[in-house]
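Structure, as structure tokens:
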Amino acid sequence: MARHLITSALPYINGIKHLGNMVGSMLPADVYGRYMRRRGHEVLYICATDEHGTPAELAAKEAGLPVDAFCAQQHDAQKAIYDGFHLQFDHFGRSSSQQNVELTQHFARKLHENGFIEERAIRQVYSVTDERFLPDRYIVGTCPHCGYDKARGDQCENCTRVLDPTDLIDARSAISGSSDLEVRETKHLFLLQSKLQGEVEQWIDDSSEDWPTLASSIARKWLTEGLQDRAITRDLEWGVPVPADVWPELAAEGKVFYVWFDAPIEYIGATKEWADADPATRDWKSWWYEADDVRYTEFMAKDNVPFHSVMFPATELGTREPWKKVDFLKAFNWLTYYGGKFSTSQQRGIFTDTALELLPADYWRYFLIANAPESDDTSFTWELFSSSVNKDLADTLGNFVNRVLSFSRKRFGDEVPAGAAAGEAERKLGEQIAELLAEYEGHMEALQFRKAAAALRALWSAGNSYLEEKAPWLEIKTDQEAAALTLRTAMNLIHLYAIVSEPFIPAAAKAMRGAFALDGDTAAWVTADEARALASVPAGTAFTVPPVLFAKITEDDLAAYRERFGAAE
């Protein structure tokens, strides 16, 4: 049994996330974590709200709340939605936690001791109207690289290029909208990434061979362009303060660490939050410090890759301490909405709270993973969504479960019928199920989610093909024992589906498994031999018919969704 540490990109605190955020990090991490737990591995899945930086301050200002109160409120709101999606975090923390403050300051001190942090006087944008220096995200303007007119001062949302605020064309304050800006001198701390370039390159060479091309290519692009020394402090009221014992002048000025310095450290901070809740049985350091027995997998969309594949590893390397670095970085392209970008800031697309109001979580979980933007961007359309739900969930799986259990109860009562001994058709089915299960497992182990979903769908289809071939509604007219065998075999398939489908559709899986009154039914997974035998639910087992697992999306539903949400321009 291996130890698997799993993290997903920290969702920003500034509002409810859209489906693109969900499929680009948290949902695939949950599916993978659930699968690895069922295969018997020790898993720790850590995530947190990212609460520092300009987005938090601006959103709090807009909400008319103190930033700490706003963040606490939004953390609870986001956590409630993730619970609604059945995300199985071991801990969902907060980057504003005291644990993260202490660890971030520790990292800064060690980097300073080793000569990788330097205090520099720089010229920074000052808003005359707002009477303050503006952090990078408080400045918006036109990207000099792609012409996007809503680029932020730290990164262009459109082309993902990292920017300096002074790079922007027609820059203006995000607070007041004023373009009355000046460049004045102030002091900040810089992480000397240029000194760590060679070490990061070596680490990438040693570590990224098995990464998806999307992740490794982004990392190598940054390295090819050369690592630049980056300012890691900002002029904000909210954030991890610069430690006064090392930088008293900056601390007195109220400087805080840049959100992209402290946010990745929060993976460790959140793990410490988890351990501090039960220190007698939990050890955070064993997952992060000299953790050679841990396999660490990260999940994120492509815009987050540079920070996690280059900047954070550089930070870890510079401490000269044995911190755990990522073993496998699973990166995703964009999920678009009718070809246009999902956007939190512009409220374009389907947001996670609205999604759960419309339909249960399993509908969204299955669709998003089955259409995950792994090799290229994927466009969400209501037509594609309804087709996937109706064909795969309602017809292929849901209808199979309902007609098998309903027909058996009608003809044989509320217990699994015995019937004849398994024959050639059941032997062939068992071999097919074992092969498809192995294929499904292989794709899950390789973190190929679309392929895994296709293999899972093939498992469901195999049951339907078997049922159509045997036709128990005809068998029962001439051979009740044969019909009983078919139904007993099909019920065993339902139980198998419940187990192996759980990472994708946990609520439906629970309903399927709960249909059978099996004593001691604690199996976490299905072995190849068990798949071939299809005998986990013996004759005589009491069962019930669960409510409809998946309702079809009708043309009227589609029309209503289109009218309400429209399409991206």
Side-chain angles (χ1 to χ4, degrees), residues 2-10 24-25 28-29 32-33 36 41-47 103 107 110-111 114 116 160 162 191-228 230 260-261 263-268 270-271 284-333 374-375 442-449:
R3 303 176 74 213
H4 287 265
L5 174 64
I6 297 172
T7 65
S8 52
L10 309 185
S25 59
Y32 183 64
M36 298 308 285
H41 300 292
E42 184 180 0
V43 172
L44 184 66
Y45 176 21
I46 294 292
C47 194
L103 279 162
F107 270 70
K110 298 303 292 185
L111 288 162
N114 297 325
F116 295 119
T160 75
V162 173
L191 177 62
L192 305 183
Q193 293 186 135
S194 59
K195 285 188 173 183
L196 291 159
Q197 166 110 17
E199 294 180 50
V200 176
E201 285 180 334
Q202 186 61 57
W203 176 76
I204 289 288
D205 287 343
D206 294 341
S207 306
S208 66
E209 182 179 352
D210 296 329
W211 292 7
T213 301
L214 178 63
S216 60
S217 62
I218 292 173
R220 292 188 184 281
K221 180 175 180 289
W222 268 48
L223 291 168
T224 299
E225 293 174 353
L227 296 189
Q228 304 298 313
R230 297 278 297 175
W260 268 112
F261 182 74
I265 297 171
E266 167 58 8
Y267 294 129
I268 308 173
T271 309
W284 69 274
K285 263 196 168 181
S286 71
W287 290 94
W288 284 103
Y289 200 84
E290 296 181 333
D292 295 335
D293 63 332
V294 171
R295 178 169 174 80
Y296 176 22
T297 306
E298 286 185 330
F299 293 81
M300 67 197 60
K302 58 186 175 183
D303 57 329
N304 284 330
V305 169
F307 302 100
H308 291 80
S309 64
V310 176
M311 288 180 65
F312 185 44
T315 297
E316 292 181 295
L317 288 164
T319 66
R320 300 301 187 234
E321 294 179 325
W323 294 105
K324 181 65 183 176
K325 288 171 282 295
V326 63
D327 293 300
F328 191 88
L329 197 159
K330 177 66 175 179
F332 292 86
N333 287 285
E374 291 177 298
S375 59
H443 293 317
M444 288 296 288
E445 297 286 346
L447 290 89
Q448 294 290 327
F449 291 102

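Keep in mind the model is a prediction, meaning the values are calculated, not measured.
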Requested in this report: Would you please classify the geometry between the W323 ring and the W284 ring as parallel, tilted or perpendicular, with 30° and 60° separating the classes?
Outcome: parallel

Margin query: Measuring only between side-chain heavy atoms, which start at C-beta, is M300 closer than 4.5 Å to F307?
Written below: no

side-chain hydrogen bond (donor to acceptor under 3.5 Å, both in side chains) filter on S375, not counting sequence neighbours, yields none

* **Working for side chain to side chain contact (heavy atoms under 4.5 Å, CB included), residues L447 and T297** => CA-CA 10 Å; L447 290 89; T297 306; 3.8 Å; yes

For residues 312-325, the salt bridge (Lys or Arg N to Asp or Glu O under 4.0 Å) pairs (sequence neighbours left out) are E199-R320, K324-D327

Across all chains, not counting sequence neighbours, the side-chain hydrogen bond (donor to acceptor under 3.5 Å, both in side chains) partners of W288 are T271

Interatomic distance, CD@E298 vs CZ@F312, rounded to 0.5 Å, equals 7.5 Å

The side-chain contact (heavy atoms from CB on, under 4.5 Å) partners of D210 (sequence neighbours excluded) come to F328

In short, A219 meets I204 closest at the heavy-atom pair CB-CD1, 4.0 Å

When rounded to the nearest 0.5 Å, the distance separating CG of L196 from CZ of F116 is 4.5 Å

In this structure, OH of Y45 is separated from OG of S8 (nearest 0.5 Å) by 3.0 Å

Contacts satisfying salt bridge (Lys or Arg N to Asp or Glu O under 4.0 Å) that involve residues 215-228 (not counting sequence neighbours) are D205-R220, K221-E225

Output for pair (L329 CG, L214 CG), nearest 0.5 Å, gives 9.0 Å

- prompt: Do the non-hydrogen side-chain atoms of W222 and V200 ever get within less than 4.5 Å of each other?
  reply: no

Hits for side-chain contact (heavy atoms from CB on, under 4.5 Å) against T160, two or more places apart or cross-chain, chain-then-number order -> Q155, D303, W334

Here the pair of heavy atoms bringing Y32 nearest to M444 is CE1-O, 3.7 Å

Applying side-chain contact (heavy atoms from CB on, under 4.5 Å) to S216 and not counting sequence neighbours gives S208, W211

All heavy atoms of A331 vs all of A215, minimum pair found to be CB-CB, 3.9 Å

side-chain hydrogen bond (donor to acceptor under 3.5 Å, both in side chains) filter on D293, not counting sequence neighbours, yields R3

Would you indicate whether the side-chain heavy atoms of F332 and N304 approach each other to under 4.5 Å?
-> no

All heavy atoms of A291 vs all of S286, minimum pair found to be CB-O, 3.3 Å

Self-check item: Close side-chain approach of P306 to I218, heavy-atom, < 4.5 Å
Solution: yes

Classify the angle between the aromatic ring planes of Y267 and H308 as parallel (below 30°), tilted (30 to 60°) or perpendicular (above 60°). tilted

One should read off an interatomic distance between F107 CZ and T315 OG1, to the nearest 0.5 angstrom, of 8.0 Å

Between A29 and F299 the two heavy atoms that sit nearest each other are CB-CD1, 3.5 Å

With sequence neighbours left out, the residues meeting side-chain hydrogen bond (donor to acceptor under 3.5 Å, both in side chains) with K285 are none

Residues at least two apart in sequence or cross-chain that pass salt bridge (charged side-chain N to carboxylate O under 4.0 Å, His left out) with E209, listed by chain then number, are none

Rounded to the nearest 0.5 angstrom, the CG-CD distance for N333 and E374 is 9.5 Å

Residues passing the ring pair (Phe, Tyr, Trp, His ring centres under 6.0 Å) test with H443, sequence neighbours excluded, are none

With sequence neighbours left out, the residues meeting side-chain contact (heavy atoms from CB on, under 4.5 Å) with Q193 are L191, L227, R230, M311

